[in-house]
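Input: a single structure, listed below in structure tokens.
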Amino acid sequence: MWTLVGRTLAPSAAGAARLLSPCPRHVAALEPGATRRPFGTAELKEKPDMSRFPVEDIRNFSIIAHVDHGKSTLADRLLELTGTIDKTKKNHQVLDKLQVERERGITVKAQTATLFYSFEGKQYLLNLIDTPGHVDFSYEVSRSLSACQGVLLVVDANEGIQAQTVANFFLAFEAQLSVIPVINKIDLKNADPERVEKQIEKVFDIPSDECIKISAKLGTNVDSVLQAVIKRIPPPKVYREKPLRALVFDSTFDQYRGVIANIALFGGVVSKGDKIVSAHTKKTYEVNEVGILNPNEQSTHKLYAGQVGFLIAGMKDVTEAQIGDTLYLHNHPVEPLPGFKSAKPMVFAGVYPVDQSEYNNLKGAIEKLTLNDSSVTVHRDSSLALGAGWRLGFLGLLHMEVFNQRLEQEYNASVILTTPTVPYKAVLSSARLIKEYKEKEITIINPAQFPDKSKVTEYLEPVVLGTVVTPTEYTGKIMALCQERRATQENMIFIDENRVMLKYIFPLNEIVVDFYDTLKSLSSGYASFDYEDAGYQTVELTKMDILLNGNIVEELVTVVHKEKAYTVGKTICERLKDSLPRQLFEIAIQAAVGSKVIARETVKAYRKNVLAKCYGGDITRKMKLLKRQTEGKKKLRKIGNIEIPKDAFIKVLKTQPNK
Ligand SMILES: Nc1nc2c(ncn2[C@@H]2O[C@H](COP(=O)(O)OP(=O)(O)OP(=O)(O)O)[C@@H](O)[C@H]2O)c(=O)[nH]1
């Protein structure tokens with residue numbers, strides 16, 4: 001029953017109670033009172049009946065933290081404590097399923113697990129979403145948070161608050177989630193949980209008595225974490241009597257079953273056999289399977305509002321189950337949920353097969369991998385030296401490395417990955433170019449497309465708001481590094497007497513290659529760094545050519561900041577000198593901006609005698625060596641009269657600095 005309260009339509013007390021309990025249609029099959037009958041975890045694990053969990057007995061939460069502060073270890077303990085996985089086995093990073101995650105010890109893909117937990121005589125349904133900690137994957141974090149009402153903010157008792165702790169906290173805070181601070185690793189010799197408590201109070205304004213101190217490794221006090229989840233995180237605000245409204249917050253692709261969508265139900269019920277519609281594509285599908293992740297997929301035939309699980313409905317690729325899409329029942333359209341901002345690539349790199357005959361295999365591998373990682377953008381590209389390939393956009397450098405590693409490990413592909421570049425923009429002034437591109441502002445992801453200064457009003461470069469957290473003794477050195485990288489300081493906050501948090505606006509290009517490594521070595525590994533997108537700023541850019549004996553090498557054309565042209569040019573010339581084989585004549589390597597040469601190196605003349613080590617008169621051996629030399633020459637690229645082996649390009653393109 002609905003009543004008019006003031007000027008708003010609100011449910012009456014009886015109506016509200018009914019809205020919070022399971023829909024009669026779905027509990028009808030149970031004995032009267034059966035919903036409250038105590039039942040065991042083993043029984044639930046075998047045949048979970050999801051109707052037994054009214055909304056008020058559900059908690060959806062995520063674990064967020066700085067990298068390595070112990071999210072995955074805590075997730076392992078929570079799975080053990082709730083009987084989801086066997087305690088007797090040696091459980092380690094159970095939710096990190098990818099080979100690259102296990103090898104690198106990092107979480108790349110968010111994972112979901114449904115846990116059954118008894119507390120004070122009542123069974124609760126907890127949905128845990130383990131999220132990646134690294135900055136490149138913060139897109140995954142914000143998506144996961146949309147399916148939650150609360151988070152466990154894990155902070156290392158020795159390291160204290162770090163850059164990603166701050167970034168992740170604000171993601172949760174902005175999403176208005178309940179935050180439970182968990183101080184982990186209290187077993188460490190140098191642990192100082194009281195200091196970390198004070199930091200949390202100062203930076204996040206959370207009273208120190210709300211912090212839970214645990215050792216995820218030893219399992220100390222982990223049960224208090226589960227109790228806090230029940231007591232401090234509210235149940236989801238959803239209504240089962242309303243029509244189905246399911247948010248697709250993640251999706252993966254299975255070769256045999258098609259798309260497996262991870263869904264959070266904001267309204268209604270979904271059952272096997274239901275006809276559902278994607279709000280994004282308006283396509284209709286029949287639900288083949290629906291269930292929970294426990295932590296492996298387990299069919300439940302139904303999922304109810306407030307619950308989180310998976311759904312398979314014959315979608316053939318992940319573009320059909322777009323992340324952020326809303327699914328509803330056929331003939332019962334609903335207002336789509338707000339969805340997400342689409343992932344924005346921060347760095348671009350060329351990807352080429354080592355051997356062109358592998359092109360089709362690599363194409364297939366990239367297609368399959370992007371089905372599981374829709375944040376990678378793909379454009380076809382080709383290079384004179386490296387052949388046909390692609391220009392891929394990634395969320396950051398680690399994302400790029402992980403993608404490359406997955407191509408090699410999961411698809412057996414061998415690839416050449418070129419130095420990453422950032423997406424510059426040019427505001428065009430030339431009417432001809434505006435007509436050609438059909439827009440005034442173009443994004444330059446390939447230096448070959450760089451429009452000349454005379455045809456643009458201004459160039460723009462992407463900038464980020466970077467957060468550095470460091471022990472105070474390194475502040476001076478770090479500030480000097482930031483200045484060298486053209487950064488402008490936004491603010492500086494003392495987290496406690498020993499730690500400071502610095503905020504800077506950085507040109508993305510200045511941090512994309514080696515900033516993080518330099519920061520780590522300057523601070524003996526103690527400083528941490530995180531960044532978020534901060535738009536674009538005007539920049540003085542210039543195109544730099546590399547010439548060999550006066551001929552331009554197209555594949556080495558670079559776009560650089562005007563002030564950095566000399567340093568970059570000199571380094572490329574030096575690298576090219578080291579990787580070019582000597583030839584029968586002298587080679588001049590030059591870096592030039594317009595007609596002005598800014599750096600030069602010389603490769604001395606030399607004749608390589610492949611038969612030098614071949615003593616005696618074995619003619620077949622000599623023939624073999626000469627044949628190999630001829631084959632090798634086929635892989636050479638001729639520029640003027642200079643022959644450059646593919647390897648030399650690879651060395652320069654892969655290691656080329658960007659500053
Ligand atoms: N001594 C001690 N070590 C811990 C504890 N919890 C986690 N560790 C260790 O800390 C390291 C990182 O733990 P993970 O659980 O992988 O950290 P994570 O936050 O999931 O890392 P990412 O997935 O990379 O973000 C591992 O070597 C763990 O064994 C703890 O309570 N005490």
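Counting convention: from 1, in listed order, for ligands and their atoms alike.
With a heavy-atom cut-off of 4.0 Å, H69 touches ligand 1 through its backbone alone. The backbone and the side chain of V67 each have at least one atom closer than 4.0 Å to an atom of ligand 1 (non-hydrogen atoms only).
Interface of L188 with ligand 1, defined as ligand atoms under 4.0 Å from a residue heavy atom, comprises 1 (N). Atom numbering of ligand 1 starts at 1 in the shown order; those under 4.0 Å from a heavy atom of G70 are 7 (C), 13 (O), 14 (P), 15 (O), 17 (O), 18 (P), 19 (O). The contact set between ligand 1 and D68, taken as ligand atoms under 4.0 Å from a residue heavy atom, comprises 10 (O), 12 (C), 17 (O), 18 (P), 19 (O), 21 (O), 22 (P), 24 (O), 25 (O). For ligand 1, the atoms lying closer than 4.0 Å to a non-hydrogen atom of D187 are 1 (N), 2 (C), 30 (C), 31 (O), 32 (N). Short contacts between ligand 1 and S72, defined as distances under 4.0 Å to a heavy atom of the residue, involve ligand atoms 15 (O), 18 (P), 20 (O), 23 (O). In summary, the atoms of ligand 1 found under 4.0 Å from a heavy atom of T73, numbered by their order in the structure, are 6 (N), 7 (C), 13 (O), 14 (P), 15 (O), 28 (C).
The backbone N or O of N158 lies less than 3.5 Å from a partner atom in the side chain of R195, making a donor-acceptor pair. Listed for the S178 side chain is no donor-acceptor partner under 3.5 Å among the backbone atoms of G150. Panel note: side chain R59, backbone I233; a donor-acceptor pair is recorded below 3.5 Å. Proximity of a side-chain donor or acceptor of R406 to a complementary backbone N or O of E401 within less than 3.5 Å is not detected.
No more than 12 heavy atoms of other residues, nucleotides or ligands lie within 6.0 Å of OH in Y526, so this atom counts as exposed by the packing criterion.
With K217, K189, K185 as candidates, the residue nearest to atom 11 (C) of ligand 1 on a non-hydrogen basis is K185.
Below 3.5 Å of separation, one finds no N or O of I214 facing any N or O of ligand 1.
A ring-centre distance under 6.0 Å is found for F506 and F515.
Screening F116, Y117, Y124 for a ring pair (Phe, Tyr, Trp, His ring centres under 6.0 Å) with F53, the sole residue that qualifies is F116.
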